[in-house]
Amino acid sequence: MGPDQLPKAYEPVEIEKRWYEYWQENKLFHADDHKVGREYSIVIPPPNVTGSLHMGHALNNTLQDILIRYHRMNGFNTLWMPGMDHAGIATQNVVERQLAEESLGRGDLGREKFIERVWTWKKHSGGIIINQLKRLGCSCDWDRERFTMDEGLSRAVREVFVRLYEDGLIYKGDYIVNWCPRCHTALSDLEVEHEDASGSLWHIRYPVEDSDEVLVVATTRPETMLGDTAVAVNPTDTRYAHLVGKNAVLPLVGRKLKIVGDNVVAVDFGTGALKVTPSHDMTDFEIGARHNLEHVTIMDSNGRITAAGIHFQGMDRYECRKAIVKELEEKGFLVKVEPYTVGLGKCYRCKDVVEPLISKQWFVKVAPLAEQALRAVEDGRTTIIPEHWTKTYYDWMTNIRDWCVSRQIWWGHRIPAWTCRDCGEIIVARETPTLCPQCSGSRLEQETDVLDTWFSSALWPFSTMGWPDKTPLLDAFYPTSVLVTGFDILFFWVARMMMMGLKFMDDVPFKDVYIHALVRDEAGKKMSKSLGNVIDPLQVMDKFGTDAFRFTLAALAAQGRDIRLSESRIEGYRNFMNKIWNSTRFALPYIAAHPDVVMDRDALSLPDRWILSRLNATVRDVRHSIENYLFNDAAQSLYHFTWHEFCDWYIEEAKLPLSQENTPAAANTAAVLRHVLDALMRLLHPFIPFITEEVASKVDSQHATIINGPFPTVDESLMDTKAENLMDTLMEIITSIRTIRAEMNIAPGKALPAVIMASGTDASLVRSNARVVAALAKLSELTVNAPADESPKMAAAAVVGDMRVFVPLQGIIDPDVEIARLQKELGKIQKDYTAVNKKLTNPDFMSKADPEAIKKQQDREAELSAKSTGLVQALEKMQSLKSA
RNA sequence: GGGCGGGUAGCUCAGCGGGAGAGCGUCGGCCUUACAAGCCGAGGGUCACAGGUUCAAAUCCUGUUCCGCCUACCA
C-alpha cells in the first residue's frame, strides 16, 4: 500500500500483531548479559500463575515498559526480567476448587498427586497472563522468563533459608498465629485483612471465689470463654485492685481463673475486666506469657470445639457461640448484650474469618533485617517515589513483628528441615540429608510445611539473576534501577526484598521504588469481580487499540492519586491515535516527493523555526518528566504538542509552502515535516510503541525500527524564543480575526479583508507573514497601515499588543452588536488592569517584591494598557459612527 | 486509636507562593480533500469552610468539616 493510500482511520489490530512479532523475531528485547557501560534494569512484579491481566497489571506494566523503552532508546543495556509467581495459597485454592467440582478433596489425591496436578494446571493455563502482557506491548526479555518454583529459584530459597537459620534468624516454635480454618494454614499478620462488621458485646458475670463479689467481663467472642484461664484488670483500677491475686470461677465450666493485674487492660473499655484466653487471642497470649497462665485449646484447625469445650465439643465456632450465649442466659450469667462494631480479621485469599490459634510454626526474626532496610532508605541508597510513602515504610519497619513463614499447604517450597525420628534432632540443610549428624540415624522426616509465597518473592531481584552463583547478570544488573509497583504490596513484597537484598547481596535491590496508583472505576470504587465494575483490559484493547489504552494509563498516572478509568477517556486517546495517523497521511506524500532533501537550517521560515523550537521544548519536558516518573506530565506535553501545535498550527500553515510545487520552500517544509514527525514518533514510542513504529517506518524507510532509538535529545541551536514570541503574535492576530468572524456570524467560507495598523517590527512581521495570516484567517486581502493612518470606518476591531486589527464590515455589522462585544472585552481587560495597577501602586509591593516580579507586572500593565486604549478608541469610534 | 491522601469549571483531574488550566461534556458555526474519531469559535469556577503568615495565598501554617485508603492487641 503506497503512502497516499493509507486507510482513513487508524486500524490497530494488524499493525500491533505485526510489530510485536517483528520485535520478538529480531530479539530486540534482549539484554546483553555482560556489563557494557550504562545498564538499566527492572524486575517485573511477577504476576500470579493463577492470574489474568487486570487493570492493575496493565498500569503497572505499561509504566515499566515506558521506562524500559525510554532507556533502551537512550542506549542503555536494558534488562526487563519477566516471570511469574507460584502464589502458594491462591493457586492451591484454584486447584482445590477444580477438585471440588469432581467431588474430590486434596486429601483424596495425597500430597504428591496433588502437586502434580497443580503443575499440570500451571503448564496448561499458567502462561495466559504472559501472552496478555505481550498483547500490551511489554518488551520483556522473554528468553529469561523465570518462575518462583523453577529449579534455580528453589535453590536460592533453600540457600536463604539455611543461611538465615544458621545465623539464628529463623526459629521454630509454638506461638499464636492467624489461622484460616478454610485454607487450613497459618497466615502472616499481613495476610489478614481487617474489616468492620456489626456484632455484639456480651457482658458476662464471673463470680469471685469465696466471696459475694462478681466480676463482669465484656467480650465479642463468648465461645472463647471455654478456654479462659484468667481474668485481667488494670492494677491501677480502684474498683478491682483488691481482687488481684484471688480467683474467679469460670461459668458453665467451673474452672478456677487467676485474677491478674496487667496494664494492657483499658480501664474505660467495657467493664474494665478482661477475660483472658491465652490460646485464642493475640493479646491474651501475651498476657498469658507475662503471668505464666495455663493454655487451654478449645478450637481445632477446622474451627470446631475440642474436647476441652465440655458438652460443646464438636460444634462449629458460630454454632457454639449461640449455644453458649443461650446457656449463659438460662443460668443467669449474662448481664447484657450491646450492639457493637467488631473488627473482623479475614483471610486475604478466601475471606473466611481467621482464628488466632496456637501452633508450631517457623518464624523469621526480622528486626535486625528491618533495621538495615530502614537505614538504606534513610541514607538514600533507595529512594521511594512519591516521597510520602517513605514515612509509611519507616513506620512499618519500626514496628515490625516476626514473620511467620510456614504454611500448612502443599503448593510451595517445602521447608528444608528434617527431624530425626531417633533423637529428635532438627536438621536444616541445602541438600536432602541421609543421616542424622547427631545420632547417625537414618529415619529422617522432612518438614511437611511449605514457605509463605512471599518468601521466594523476597529474593526475586537476585534469584532471577542466578544467585547464589556469582553471575555476569548479577554483576551487570544488580541493584536494579527501579521497582515499579502498587502500594498494596509495599510491605508484603517491597519491604521484604529490601531486607533480603541487603542481607544476601549486601546491597539494596533497587535504587528507586516508584509506587503508582490503584486503578478504580469511574465512581472511584476499587474494581472487583464481585462488584461487577471491572473493565477488562483485553476488551479495551480490542475496542480501542493497545496504544490508546497505554496512553490513557500514562496520562492518568499522576503521582499520589488513584486513577479513575472510564471508557470515554480511552476513546479520547483513541482519537489521538487517529490524529497522529492522519497527520502522517497528510505529510507522507510531501515527504515522499522530496526524499533526499535535507532540512536547510538557514532557510527556515518563521513557522519552521517556531515548530522546531517547540519540538525541542517538548523533548526537554518529556525527558525530564519520564526521568522523574511524571508520566502524566509527559503524556500531556506530547498530546499538546502533537495536536495543538503540530497539527492545528504547523500543518495548517505548511499547506501554503507545500502547495508551491518545485520550490525550495516546498522542499524545505517537507524536510521539516519529516524531521518533526520522526522526532515525534521517537518521543511517543515509549508510550505508544505500535503506531509509532508504523509511522516512523513510513516516514523514513531507512529505519527498520525505532525501538533502539535514538531518543531525541535537546538541540539548543533550534531553541528559538524569538520565533516563539513572533509566532505567538501571529497566532493571536489570526485568532482575533477568527473570533470576530464567529461572533459576527459570518460564514466561515466567506473571505474577508482585514486591516492591521502597526509600525516598526510589528509591521514588518505582519508584512512578511501576510500570506500565512491571510491563509489561516481566510482573508481576501490584508493591508498593513501605519498607526497614524485613518482607521477603517464600520469595522470590527481587536487589539493585539500595540497593533489594531480591523475587519471592515460595511453593511454587515450591527454597531450595537459590535459595541456590546467591545464593551465586554474591555470589561475583562480593565478588571485585570485594575488588579495589576493596584499592585504597582502598592509601596510595599514595590519595595519588597522580587524585582523580576515587579518587571513582569510592569510589562503586563503596559500590555493591558495598550489593549485597553485600543479598545476604548474602537468603542468611541463605533459610537460616533452609530450616532452619525 | 494512629497515619496518609484528597475536596479546583457539569464530569475526570493538572497546577502547589506572583496573570485560575487541560481533557471530556455543553452551546454556536462549519462535510475548509490529513482527520466529522475532524475543524473554527464561545460559555462556564468567591480553587470545601474558618483563621493566620506574607507586599502577594488555590498554592505555606493552624483548626473545622466531608470523602477515600493504610495501620492497630479496647476485649
Side-chain angles (χ1 to χ4, degrees), chain A residues 4 6 8-10 189 194 201-202 217-221 224 232 264-277 281-287 340 342-343 356 386 388-389 391-392 395-396 399 487-488 490-491 518 520 522 524-526 544 548 555-556 558 560-566 568-569 571-589 632-633 636 639-640 643-644 647-648 651-652 655 735 738-743 745-749 776-778 832 835-836 839 842-850 852-854 856-857 860 863-864:
Chain A
D4 46 345
L6 296 180
K8 199 168 166 181
Y10 175 58
D189 294 339
H194 296 272
L201 191 60
W202 285 272
V217 300
T219 179
T220 57
R221 294 187 300 152
T224 62
V264 296
V265 181
V267 175
D268 55 355
F269 182 85
T271 60
L274 169 69
K275 62 186 268 315
V276 182
T277 323
D281 185 278
M282 298 285 180
T283 311
D284 295 3
F285 180 82
E286 283 165 20
I287 296 174
Y340 189 71
V342 291
H388 71 257
W389 287 106
K391 189 174 155 45
T392 312
D395 287 350
W396 194 72
N399 300 315
F487 57 79
D488 47 336
L490 180 61
F491 305 138
L518 225 60
R520 299 174 178 282
E522 257 177 298
K525 291 227 167 62
K526 200 168 169 171
F544 300 108
L556 293 173
R561 205 161 177 157
D562 286 344
I563 291 178
R564 293 196 192 192
L565 191 70
S566 69
S568 68
R569 197 77 190 236
E571 192 184 345
Y573 290 115
R574 187 273 314 264
N575 296 351
F576 180 50
M577 299 308 128
N578 198 45
K579 190 74 181 174
I580 292 170
W581 185 250
N582 276 293
S583 65
T584 310
R585 279 182 67 221
F586 169 79
L588 280 180
N632 61 320
D633 287 348
Q636 164 90 14
Y639 184 94
H640 184 259
W643 201 313
H644 298 304
C647 292
D648 284 354
I651 288 186
E652 289 308 316
K655 286 175 180 173
T735 304
R738 284 173 175 170
T739 304
I740 288 171
R741 185 192 278 285
E743 293 192 344
N745 269 320
I746 298 159
L776 296 184
K778 199 147 218 162
D832 286 350
V836 173
K839 275 190 182 171
N842 179 347
D844 286 329
F845 176 76
M846 297 307 284
S847 62
K848 291 182 184 167
D850 185 39
E852 244 175 77
I854 296 176
K856 207 171 159 192
Q857 294 302 321
R860 205 165 153 241
E863 197 182 303
L864 289 167

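Quick note on labels: first sequence line is chain A, next is B, and so on, each numbered from 1.
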With a 4.5 Å cut-off on side-chain heavy atoms, are A/Lys391 and A/Asp395 touching?
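Side-chain contact under 4.5 Å: yes.
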Which residue lies toward the 5' end of RNA chain B, A/Asp648 or A/Ala747, if each is placed at its nearest nucleotide?
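Going by which nucleotide is closer to the 5' end, it is A/Ala747.
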Position toward the 5' end of RNA chain B (nearest nucleotide), A/Val265 or A/Lys8
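With A/Val265 and A/Lys8 compared, the 5'-side residue is A/Lys8.
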Below 4.0 Å: OP1/OP2 of B/C39 and any side-chain N or O of A/Lys579
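For A/Lys579, the contact criterion (side-chain N or O under 4.0 Å from OP1 or OP2 of B/C39) is met.
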Phosphate oxygens OP1/OP2 of B/C39: is one of them under 4.0 Å from a side-chain N or O of A/Trp643?
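Checking B/C39 against A/Trp643, a side-chain N or O does come within under 4.0 Å of OP1 or OP2.
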What is the distance from CZ of A/Arg221 to P of B/C73, rounded to the nearest Å?
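Rounded to the whole Å, the gap is 13 Å.
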Nearest whole angstrom, please: distance from the P of B/G23 to the NE2 of A/His644.
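Between P of B/G23 and NE2 of A/His644: 5 Å.
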Counting only Watson-Crick or G-U wobble pairs whose two distances fall under 3.5 Å, which nucleotide matches B/A9?
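Partner of B/A9: none found under 3.5 Å.
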Any-strand Watson-Crick or G-U partner of B/G68, both distances under 3.5 Å:
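B/G68 is paired with B/C4.
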Before giving the answer on ring-ring contact (aromatic ring centres under 6.0 Å, His included), spell out for A/Phe544 and A/Tyr573 the whole-Å C-alpha distance, their side-chain angles and the decisive distance to 0.1 Å.
CA-CA 9 Å; A/Phe544 300 108; A/Tyr573 290 115; over 10 Å; no
Determine, for A/Phe586 and A/Lys655, whether the Lys NZ or Arg CZ falls below 6.0 Å from the six-membered ring centre while staying within 45 degrees of the axis.
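That pair qualifies as a cation-pi contact.
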Classify A/Ala266 by what it touches in the nucleic acid, base, sugar-phosphate, or nothing, heavy-atom distance under 4.0 Å.
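The answer is base, as A/Ala266 lies within the cut-off (heavy atoms under 4.0 Å) of a base atom.
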